[in-house]
Amino acid sequence: EAIRLIAELTGGSAPAKPTPAFLLKAYARVVHWGSLITRKEPDVTPEIVDLCVTNFSCDCTPAKTDLGYEEVPLKDMVKDSYDWLTAEGML
């Protein structure tokens with residue numbers, strides 16, 4: 001969903017279907033080994049893929065009750081980040 005939202009904001013395109021995790025992991029391993037030979041930084045690492053394909057969850061209840069934390073929809077977070085990056089000349 002995040003990739004689709006980023007594509008909408010930037011005018012890019014998102015893949016029609018997500019790439020299976022096992023293919024991403026295999027690709028990252030191949031690119032990693034290739035980078036050892038070429039001495040060039042890989043575009044993706046096995047560690048990055050692991051972070052991307054792992055489902056994280058956490059309980060925000062303490063932050064909500066103790067700190068007044070309010071959840072923000074993903075669309076708003078992506079838009080805010082895009083606006084900031086654009087304003088800073090990073091996009």
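This one's a predicted model, so the numbers in the text were calculated from it and none came from an experiment. Note: hydrogens, waters and symmetry copies are ignored here, and every other heavy atom, side chains too, is used.
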**Fill in**
Of all heavy-atom pairs linking A28 and V49, the shortest is CB-CG2, 3.6 Å
**Request:** Grab the two heavy atoms, one from D43 and one from Y27, that are nearest each other, plus how far apart they are.
**Result:**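 Where D43 meets Y27 most closely, the heavy atoms are OD2-OH, 3.2 Å.
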**Asked** Who else is in V30's hydrophobic cluster (ILVMFWY, side-chain heavy atoms under 4.5 Å, direct or via others)?
**Response**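 Its cluster mates, by chain and number: none.
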Just verifying a value: how many Å separate [X] [atom1] and [Y] [atom2], rounded to the nearest 0.5 Å?
| X | Y | atom1 | atom2 | value |
| --- | --- | --- | --- | --- |
| L9 | L91 | CG | CG | 10.0 Å |
| E41 | S35 | CD | OG | 8.5 Å |
| R4 | K75 | CZ | NZ | 8.0 Å |
| L5 | E1 | CG | CD | 5.5 Å |
| I6 | L74 | CD1 | CG | 8.0 Å |

**Message:** So, using side-chain contact (heavy atoms from CB on, under 4.5 Å) as the criterion, who are the partners of D76 when residues are at least two apart?
**Reply:** V72, P73
**Item:** Side-chain donor/acceptor of T54 to backbone N/O of L51, under 3.5 Å
**Value:** no
**Side-chain heavy-atom pair T45, P42 within 4.5 angstrom cut-off** = yes
**Item:** Side chains of P46 and H32 in contact at under 4.5 Å (non-hydrogen atoms)
**Value:** yes
**Item:** More than 12 heavy atoms of other groups within 6.0 Å of I3 CD1
**Value:** no
**Message:** If you count heavy atoms of other groups shown closer than 6.0 angstrom to NZ of K64, is the number above 12?
**Reply:**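 For K64, atom NZ is crowded (more than 12 foreign heavy atoms under 6.0 Å).
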**Message:** Do W84 and Y82 land in one hydrophobic cluster if side-chain heavy atoms of ILVMFWY residues count as linked below 4.5 Å?
**Reply:** yes
